[in-house]
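Values below: every heavy atom of this structure, side chains too, minus hydrogens, waters and symmetry copies.
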Amino acid sequence: EPEVTQTPSHQVTQMGQEVILRCVPISNHLYFYWYRQILGQKVEFLVSFYNNEISEKSEIFDDQFSVERPDGSNFTLKIRSTKLEDSAMYFCASASGARSYEQYFGPGTRLTVT
Amino acid sequence: AQSVSQHNHHVILSEAASLELGCNYSYGGTVNLFWYVQYPGQHLQLLLKYFSGDPLVKGIKGFEAEFIKSKFSFNLRKPSVQWSDTAEYFCAVRGTYKYIFGTGTRLKVLA
């Protein structure tokens with residue numbers, strides 16, 4: 001069964017550094033998402049991406065964040081200058097359609113900012 | 001505003017006990033509802049989903065949920081829990097693009 005993959009599984013970085021989290025969505029999917037889960041808290045939506053542009057973003061997704069689909073398979077989340085509070089599990093998801101289509105979640109990348 | 005409420009934050013049960021976790025949502029459009037489970041140290045796994053049709057939905061691992069439109073609820077049930085069901089359970093509703101998750105319920109099953 002096709003699945004969403006994410007790399008790395010765990011990333012440790014120092015405050016102020018840039019990080020790029022990578023995701024490979026399911027191959028025929030067209031809608032892509034990033035969510036995050038701070039330890040002990042609920043999963044929060046960050047951004048959705050379709051047709052090479054952001055379709056929706058949350059208040060969390062400020063100018064420090066960006067997303068890109070650099071080629072036909074990868075979907076990346078970049079944090080330009082990490083802060084301690086960016087430490088969280090980041091989940092990528094993809095879907096074949098927008099409404100009424102299930103999103104498939106990846107295993108997540110645990111980001112630790114020190 | 002779109003939101004999901006899970007009333008039980010922590011639940012402790014003995015093996016073989018019955019489980020019901022509450023979920024209420026607020027959303028004005030067509031409702032797609034989900035329950036996810038997250039085992040310790042693992043990622044989100046879909047338990048079941050409701051898109052349309054029969055409001056009683058059966059999922060994996062013996063779980064089921066009932067969509068009651070008049071109550072804006074989508075409660076998760078299992079007749080007899082096992083120790084291996086110890087995990088965190090998230091209810092979610094689908095908005096236009098994003099999923100809106102509840103705060104989660106931590107279930108601990110005592111052997």
Please determine whether the number of non-hydrogen atoms from other residues, nucleotides or ligands lying under 6.0 Å from atom CG of A/Asp63 exceeds 12. no
Considering only heavy atoms, which portion of A/Ser55 lies under 4.5 Å from any heavy atom of chain B: side chain, backbone, both, or neither? both
Taking atom CG of A/Leu39 as the centre, report whether more than 12 heavy atoms of other residues, nucleotides or ligands fall under 6.0 Å from it. no
At a 4.5 Å cut-off on heavy atoms, which part of B/Tyr99 comes close to chain A: side chain, backbone, both, or neither? both
Can you tell which part of A/Tyr50 gets under 4.5 Å to a heavy atom of chain B, answering side chain, backbone, both or neither? neither
A/Gln37 portion near chain B, given a 4.5 angstrom heavy-atom threshold: side chain
Please tell me if the side chains of B/Asn32 and B/Lys49 come closer than 4.5 Å, counting only heavy atoms from C-beta onward. no
Mind ranking A/Phe91, A/Tyr31, A/Tyr35 by heavy-atom pairs under 4.5 Å with chain B and telling me who comes out on top? A/Tyr35
Cut-off 4.5 Å, heavy atoms of chain A, and the answer for B/Ile100 is neither
Clusters formed by hydrophobic residues whose side-chain heavy atoms approach within less than 4.5 Å: which one holds A/Ile54, and what are its other members? A/Met15, A/Val19, A/Leu21, A/Phe32, A/Trp34, A/Leu46, A/Val47, A/Phe49, A/Ile60, A/Phe61, A/Phe65, A/Val67, A/Phe75, A/Leu77, A/Ile79, A/Leu84, A/Tyr90, A/Leu111, A/Val113
Apply the ring pair (Phe, Tyr, Trp, His ring centres under 6.0 Å) test between B/Phe34 and each candidate in B/Tyr89, B/Phe51, B/Tyr25, B/Phe67; give the one that qualifies. B/Phe51
Which atoms of B/Lys98 are under 4.5 Å from chain A, going by heavy atoms: the side chain, the backbone, both sets, or neither? both
One thing to verify: whether A/Lys78 and A/Glu68 come together as a salt bridge, which I'm taking to mean a side-chain N less than 4.0 angstrom from a carboxylate O. no
Can you tell which part of B/Gln38 gets under 4.5 Å to a heavy atom of chain A, answering side chain, backbone, both or neither? side chain
Counting heavy-atom pairs under 4.5 angstrom with chain B, the leader among A/Met89, A/Gln41, A/Lys42 is A/Lys42
Can I get a per-line list of side-chain donor-acceptor pairs under 3.5 Å for residues 9-20 of chain B, giving both atom names and the distance, sequence neighbours left out?
| from | atom 1 | to | atom 2 | distance (Å) |
| --- | --- | --- | --- | --- |
| B/Glu15 | OE2 | B/Trp83 | N | 2.9 |
| B/Glu20 | OE2 | B/Asn75 | ND2 | 3.2 |

